[in-house]
Student: 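Quick one: the structure is below, and I'll ask about it shortly.
Residue numbers count from 1 along this sequence.
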Amino acid sequence: MFVVPRRVVAVGLVVLLLGGGITPLPVAATPDHGTVTGASAETVAGVDGENGTCQADMASEQDSSGTVETTATVESNGPVVRVGSADTHHRQPRGQGGDTVGAAAATAANMETGAATSGATQTDDGDVIRQTQTYARVPEESGEVAVTLTYEVPDRVVDLETHVPAAATVTETGGFERVNESVYEWDEATDPATISYRINPNQTIEKSGPEGAEGRYLSVDTGDWALLTRSLTPTRWRYTGQEPVRYNRTVRTAGPGAAGEEVVYLGEVATFEETAHNQTFTLAVPERATMTASPISVLDSMANASNALRVGDRDEQVFVVAAPSGAVEWGVEGYQIGDADMWVQSGQSLDTANNVWLHEYVHSRQAYETTRETRWTVEGWATYYAAVLTLEQDRIGFDEFRAQLATGGRPVYSDVALTDRSSWTNDANYRKGALVAGRTDVHIRSATGRNQTLQTVFQSLNGYRDPVTQSQFLTEVEAAGGASVRNTTATETETTVAVTMWNETTHRRLFGSIPARIGYGLPPVDRADAYRADSVYRSNASVGGSEPVRLATNETLAVDAVVENAGGETGAYNVTLAVNETVVAAKQGQIEPGARTGVEVTHTFADPGRYVVSVDGDTLTVVVSEPAAAGVTDVTASPRELRQGGRVDVAATVANENDIPGTAAIAFRRDDVVFAEQRLYLPPQATTTVTRTITLDEPGTVSLSAGDGRTTTAVDVIVLTETAEPTPAPTSTETTTDTGTTTAEGGGFTAFIAGLAVLLAALIARRRDR
């Protein structure tokens with residue numbers, strides 16, 4: 001119920017492209033009823049005073065490519081030097097609350113950041129800066145956690161600098177030199193290079209409302225165990241070459257513990273895991289935690305919610321810590337940060353309309369940013385879906401569900417307009433926001449005969465790159481439910497009109513059986529035949545099996561996108577294929593309830609580069625290259641000796657020994673004079689044989705050759721002075737195989753035997769006639 005959005009800047013950073021400095025900017029905290037204290041600026045940038053939502057950017061990826069940006073190109077007398085940065089702010093369209101950091105956010109938005117490397121660029125897999133953050137308890141010092149940053153730096157990086165938290169105490173460095181209080185510069189030689197420091201993880205918040213708890217802590221080190229979020233470590237580097245240097249972060253613990261991409265627990269812990277619907281859920285239960293719900297039931301409930309929420313933005317990894325209830329005076333019941341990391345107090349129940357486990361999970365599925373007018377949807381939708389999903393899981397009855405939502409219609413909210421944040425009182429975004437969300441769902445279901453729901457709008461908003469405005473929100477509502485529903489929703493969000501809860505009869509009519517719930521995704525990459533390439537090099541050839549998928553320019557990639565209807569009614573689907581977040585293909589159709597099918601969507605890649613192909617949040621990397629150079633590996637001539645006027649078959653074996661399609665222009669020569677040419681297109685790891693025939697009239701030794709423009713292979717043929725017997729007309733054959741060479745051959749003796757057999761059969765037939 002307490003969410004840290006993914007796209008809000010945690011620390012404003014100015015990257016000095018030529019000078020090399022990274023300077024922290026001021027950060028903001030709204031001191032209403034959600035003030036965070038005891039935290040460094042790098043960790044928490046501010047708090048949304050109206051709903052207590054903490055603002056911070058924690059844009060990391062555990063064991064995967066981090067956020068990397070190329071910021072400038074510097075020309076000098078030497079090679080071109082480019083600048084990259086990571087962990088400064090999150091450029092991906094994932095998160096909520098783009099308006100909540102005040103001056104810090106505005107400044108960061110005007111930074112010279114350039115283009116992210118998810119665009120059409122190629123990167124060698126070895127050109128990666130690898131950062132590892134290792135966390136350890138300091139038993140002798142309660143309130144301190146030891147952190148070691150380790151950097152592995154590829155050869156093309158010419159310099160690198162990183163920030164440590166401003167309040168950190170650096171204890172040791174290896175290969176880094178201090179620039180100022182928080183900036184350290186790599187010595188350009190040591191690899192790996194390290195910085196060790198200690199931090200105080202204790203952060204507190206004063207929080208009221210439905211997610212507030214009696215205490216104050218957001219993160220803590222008790223001396224026996226610690227629960228905290230990772231350090232923000234802005235990193236900047238310069239490198240040579242055209243291809244970008246990528247960045248990868250791994251978070252780990254030294255000793256007992258568990259770590260996600262953002263949340264770290266230090267201490268004895270048991271982990272439970274469940275994989276469902278392309279998500280792996282990991283629940284870390286500390287030894288000090290007492291669970292009200294069993295770990296397996298928590299994972300099952302989240303997996304069920306993953307299936308029920310067909311709104312896109314499914315993160316592959318969901319990391320949850322059961323924070324020990326009672327051991328610490330926590331300030332909130334649950335806390336969600338980054339893409340899909342969260343902690344929930346271990347004493348929280350699943351059997352309640354205020355289901356914190358599902359509330360935090362719903363936050364992990366909200367990939368859209370908001371403006372001030374649409375900010376209410378963040379907590380309002382999470383509160384609504386936590387309650388309705390719990391009802392659908394048969395963990396509560398309708399009366400409890402109704403009581404949870406009906407609070408939003410109380411007189412205390414009579415002066416609240418959800419689009420006007422200044423009117424919010426008594427956690428109106430949670431209470432009235434949840435009721436209005438439910439009513440919008442009811443209106444859409446009623447107007448469309450349950451064919452569409454609020455999830456349709458949710459999914460559409462997740463596709464927006466920029467913060468969603470009220471007008472855009474209403475446009476998506478109209479697209480789902482029609483003009484009348486748009487008008488009603490506009491009234492219920494923009495004015496102080498009273499809203500009421502619907503009754504059980506209405507709910508049974510509109511929610512009784514599950515409507516169509518259509519989801520989309522990419523097939524597993526190890527399903528090789530689900531990804532196919534079509535081109536002059538190969539026809540409908542399987543190219544899956546591993547990532548990245550490799551193609552040549554002008555090849556068409558066909559993907560069998562997964563379409564699944566987890567609902568109880570037939571529904572219409574609209575599956576889209578995006579390349580670098582731009583939709584390039586779409587297919588529509590109908591799908592029966594409970595059905596799962598593959599729908600082919602295609603795209604032709606004209607230019608070389610590194611691309612991210614996606615279907616509803618599932619992504620696949622595709623590397624497109626110029627075709628490889630195939631080459632002549634052998635040349636033969638038949639016959640090697642002949643008479644004047646005779647004909648010779650010259651066979652060239654051409655091989656493409658590369659992992660991408662290749663091409664070659666083959667030229668056949670007689671004594672360096674071209675007599676035939678052929679352009680060949682070969683699939684990866686393939687061989688072909690091309691034969692050309694030539695008549696030789698002059699006696700002597702003749703050099704016959706075939707070349708690919710880089711190498712030429714020749715064979716000598718002897719031409720005798722006597723006149724040769726007539727030979728068949730010129731022929732040309734081509735045979736392609738992945739394992740060897742095949743040529744078409746035929747001999748005169750074979751023809752003689754065949755004719756003799758025909759004559760013999762005729763004589764036998766005549767004797768029988770007699």
Side-chain angles (χ1 to χ4, degrees), residues 65 91-94 115-123 125 243-244 246 278 310 312-314 316 367 459-460 462-465 518-564 572-589 591 596-628 658-663 681-684:
S65 298
R91 291 173 55 87
Q92 300 300 320
R94 304 167 63 83
T117 57
S118 59
T121 56
Q122 282 185 258
T123 304
D125 291 341
E243 297 178 349
R246 296 183 292 122
N278 298 322
R310 299 295 172 132
D313 191 51
R314 277 196 180 105
E316 291 183 5
Q459 183 174 26
S460 296
N462 274 345
Y464 278 70
R465 298 186 182 183
I518 300 173
Y520 312 95
L522 287 171
V525 70
D526 56 6
R527 272 193 55 202
D529 60 349
Y531 299 89
R532 299 174 301 281
D534 190 72
S535 63
V536 294
Y537 310 98
R538 47 193 173 180
S539 176
N540 204 35
S542 299
V543 292
S546 63
E547 193 172 3
V549 169
R550 298 189 180 275
L551 303 174
T553 51
N554 296 312
E555 285 203 287
T556 297
L557 176 67
V559 179
D560 289 338
V562 177
V563 180
E564 183 178 13
Y573 68 80
N574 179 28
V575 59
T576 59
L577 179 72
V579 174
N580 293 344
E581 299 179 354
T582 298
V583 174
V584 297
K587 286 283 187 67
Q588 297 79 33
I591 183 169
R596 178 186 177 95
T597 187
V599 177
E600 183 182 85
V601 284
T602 64
H603 177 66
T604 302
F605 293 87
D607 300 313
R610 192 180 189 93
Y611 299 90
V612 177
V613 173
S614 61
V615 171
D616 198 29
D618 285 355
T619 62
L620 174 79
T621 300
V622 175
V623 174
V624 181
S625 308
E626 295 289 354
N658 302 280
D659 292 330
I660 59 174
T663 185
Y681 301 91
L682 284 79

Student: Under 4.5 Å between any side-chain heavy atoms of Thr619 and Thr621, yes or no?
Tutor: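 Not touching, per the 4.5 Å side-chain cut-off.
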Student: Between CD of Glu626 and OG1 of Thr663, what distance do you get to the nearest 0.5 Å?
Tutor: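 With rounding to 0.5 Å, CD (Glu626) is 11.5 Å from OG1 (Thr663).
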Student: Might you point out which heavy atoms bring Val601 and Ala585 nearest each other, and give the distance in Å?
Tutor: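 For Val601 versus Ala585, the nearest heavy atoms are CB-CB, 4.5 Å.
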Student: Using modelled atom types only, decide if a donor and an acceptor are shared between the side chain of Tyr520 and the backbone of Leu577 within a distance under 3.5 Å.
Tutor: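 It does not hold such a pair.
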Student: Val543 and Ala533: which non-hydrogen atoms are nearest, and at how many Å?
Tutor: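 Reported closest heavy-atom pair: CG1-CB, 3.6 Å.
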Student: Do Val562 and Arg596 have side chains that approach each other closer than 4.5 Å (heavy atoms only, starting at C-beta)?
Tutor: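 Sidechains of Arg596 and Val562: in contact.
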Student: Can you sort out the partners of Ser460 under side-chain contact (heavy atoms from CB on, under 4.5 Å), two or more places apart, ordered by chain and number?
Tutor: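 Checked Ser460 against side-chain contact (heavy atoms from CB on, under 4.5 Å); matches are Glu476.
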Student: Looking only at non-hydrogen atoms, find the nearest pair between Val525 and Glu547 and report the distance.
Tutor: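 Nearest pair, atom of Val525 first, then Glu547: CG2-N, 4.2 Å.
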Student: If you define the side chain from C-beta out and look only at heavy atoms, does anything of Gln459 sit under 4.5 Å from Asp616?
Tutor: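 In short, these two side chains touch, coming nearer than 4.5 Å.
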Student: Treating Asn580 as the side-chain partner and Tyr611 as the backbone partner, does any N or O pair qualify as donor plus acceptor under 3.5 Å?
Tutor: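 Flag not set: sc Asn580 to bb Tyr611 has no pair under 3.5 Å.
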Student: Using modelled atom types only, decide if a donor and an acceptor are shared between the side chain of Arg610 and the backbone of Pro548 within a distance under 3.5 Å.
Tutor: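 No, Arg610 side chain to Pro548 backbone: no donor-acceptor pair under 3.5 Å.
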Student: What distance separates Glu600 CD from Lys587 NZ, expressed to the nearest 0.5 Å?
Tutor: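 Here the rounded value is 5.5 Å.
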Student: Please check if the side chain of Asp618 supplies one atom and the backbone of Gly521 the other of a donor-acceptor pair under 3.5 Å.
Tutor: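 Answer holds: no.
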Student: Tell me whether Arg532 is salt-bridged to Asp560, with the criterion being a basic N under 4.0 Å from an acidic carboxylate O.
Tutor: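 So Arg532 pairs with Asp560 through a salt bridge.
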Student: Any side-chain heavy atom of Thr553 within less than 4.5 Å of one from Pro627?
Tutor: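 Yes; the side chains approach each other to less than 4.5 Å.
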Student: Is the side chain of Asn540 donor-acceptor paired with the backbone N or O of Asp534 at a distance under 3.5 Å, no angle test?
Tutor: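 Between the backbone of Asp534 and the side chain of Asn540 there is no qualifying donor-acceptor contact (under 3.5 Å).
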Student: How long is the span from the OG1 atom in Thr597 to the CD atom in Glu564, to the nearest 0.5 Å?
Tutor: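 It is 11.0 Å, given to the nearest 0.5 Å.
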Student: Is a side-chain N or O of Tyr531 found less than 3.5 angstrom from the main chain of Pro523, in a donor-acceptor match?
Tutor: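 Yes, because the side chain of Tyr531 sits within donor-acceptor range (under 3.5 Å) of the backbone of Pro523.
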